[in-house]
Amino acid sequence: MNQVWCALGVALLGMLGCGGPLEGESLEALGTQQAGVAALVPKKVMPLGDSITQGAAGHGSYRCQLWRKLTRKGYRADFVGTLSTGYLGENTCSSVWFDRDHEGHWSWRADQVLANISNWAASERPDLVLIHLGTNDTYYNQTEDSTVSELEQIIDRLRVVNPRVKVFLAQIIPTSGASLSLKLQSLNQRMPGLAEAKSTEDSPVYVVDQWTGFNPSTDTYDGIHPNLIGEEKMAERWFQAIREHL
């Protein structure tokens, strides 16, 4: 029992007064014990984006369905962000102990997120970031080049805080407006190149295809924001992408 407490003490920066390995204990064994302690801490996951991430009052957002999938399959995660509600009120989610923290901002563009991401990252220190951004940029006629550049800078600023952050970059869902969807599809085609250019061994960038198979006519309640069917589809794509990294 004393050895267990000492190993835990080393892993927690010597809180119990153990400054090194116990007599007869190898550094390799100690490292294994410390890794076991670290494994008990869930990874911090930041859902980052606009209204599609935040969800409106009375809607769960994809975050609810993703939380349900993670907990049912035995994965541990800590959703983080400076917000905890939907737009104009609470998200509706029946999942037990739903972690409501997020960084989804209604109607925000990538440049607005970029202006704030350093503070959010410093406050929350995420290990994984799920980015679904670009819908409002396209709606407000921002150029593809500017949006791609802002997404690149968001990744850079996340890495200043956590050089090993894992980034999951969505090819964003379509809308019911035909002309807007064409612009979104064009932006989505830039995402694999962006991910390849920014990905590193320590901080990989993964593309998550939220576009394919998403039907705004049946999967949204207003042509833009996911209904329960759409939330489920989005959550499944995120789940498949992140589960092996938790």
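What you are looking at is a predicted structure, and each value in this text was computed from that prediction instead of being measured. When reading the values below, keep in mind they use all heavy atoms of this one structure, side chains included, and skip hydrogens, waters and symmetry mates. By convention here, the first residue in the shown sequence is residue 1.
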Exercise for the section: Decide yes or no on salt bridge (charged side-chain N to carboxylate O under 4.0 Å, His left out) for Lys69 and Glu232, but give the supporting numbers first. Expected result: CA-CA 10 Å; Lys69 289 175 182 293; Glu232 166 65 24; 2.7 Å; yes
Exercise for the section: Begin with the C-alpha distance, continue with both residues' side-chain angles, and end with the deciding distance and a verdict on side chain to side chain donor-acceptor pair (under 3.5 Å) for Arg159 and Ser203. Expected result: CA-CA 8 Å; Arg159 286 172 173 165; Ser203 178; 2.8 Å; yes
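- Side chains of Ser149 and Gln153: a donor-acceptor N/O pair is present below 3.5 angstrom, by distance only.
- Side-chain atoms of Thr71 come within 3.5 Å of backbone atoms of Arg68 as a donor-acceptor pair (strictly under, hydrogens ignored).
- Residues Thr53 and Glu103 have side chains that never bring a donor and an acceptor to within less than 3.5 angstrom of each other.
- Asp101 approaches Ser84 most closely through the heavy-atom pair OD1-CB, 3.8 Å.
- Judged by distance alone, the side chain of Asp127 and the main-chain N or O of Lys44 form a donor-acceptor pair under 3.5 Å.
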Handout entry: Residues Glu144, Lys183; criterion salt bridge (charged side-chain N to carboxylate O under 4.0 Å, His left out); working and verdict
Key = CA-CA 9 Å; Glu144 282 184 15; Lys183 292 179 180 179; over 6 Å; no
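- Residue Ala170 comes nearest to Asn188 through the heavy atom pair O-OD1, 4.4 Å, listed as atom of the first residue, atom of the second, then distance.
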Handout entry: Evaluation steps, side chain to side chain donor-acceptor pair (under 3.5 Å), between Gln54 and Ser61
Key = CA-CA 6 Å; Gln54 182 177 25; Ser61 87; over 6 Å; no
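- Considering every non-hydrogen atom in both Arg76 and Leu246, the closest pair reads O-CB, 4.1 Å.
- Salt bridge present: Asp219 and Lys233 bring a charged side-chain N and a carboxylate O closer than 4.0 Å.
- Closest approach of Ala121 to Leu158, counting heavy atoms only: CB-CD2, 4.0 Å.
- Salt-bridge check for Arg190 with Asp145: passed, with a basic side-chain N closer than 4.0 Å to an acidic carboxylate O.
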Handout entry: Residues Asp78, Lys43; criterion salt bridge (charged side-chain N to carboxylate O under 4.0 Å, His left out); working and verdict
Key = CA-CA 6 Å; Asp78 177 14; Lys43 295 291 180 62; over 6 Å; no
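- Between Trp238 and His132, the gap from one ring centroid to the other reaches at least 6.0 Å.
- Put simply, the residue from Trp97, Tyr75, Tyr62, Phe79 that forms a ring pair (Phe, Tyr, Trp, His ring centres under 6.0 Å) with Trp67 is Phe79.
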Practice task
Start with the C-alpha distance between Arg63 and Asn91, add both sets of side-chain angles, then the distance that settles side chain to side chain donor-acceptor pair (under 3.5 Å), and finish with yes or no.
Solution key: CA-CA 10 Å; Arg63 296 177 288 106; Asn91 292 120; 2.6 Å; yes
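- The closest donor-acceptor contact from the side chain of Thr220 to the backbone of Pro216 lies under 3.5 Å.
- Heavy-atom minimum distance, Trp108 versus Leu133: O-CD2, 4.3 Å.
- Checking Gln240 against Glu236 by side-chain atom types alone, a donor-acceptor pair falls below 3.5 Å.
- Annotation for Ala110 and Thr147: closest pair CB-CG2, 4.4 Å, computed over non-hydrogen atoms.
- By the neighbour-count criterion of 12 heavy atoms within 6.0 Å, atom OH of Tyr139 is sparsely surrounded, having that number or fewer from other residues, nucleotides or ligands.
- Taken to the nearest 0.5 Å, the NE2 atom of His245 stands 7.0 Å off from the CG atom of Leu128.
- In summary, the side chains of Arg125 and Asn162 do not present any donor paired with an acceptor at a separation below 3.5 Å, with no hydrogens or angles considered.
- Aromatic rings from His59 and Tyr87 are positioned such that their centres are separated by 6.0 Å or more.
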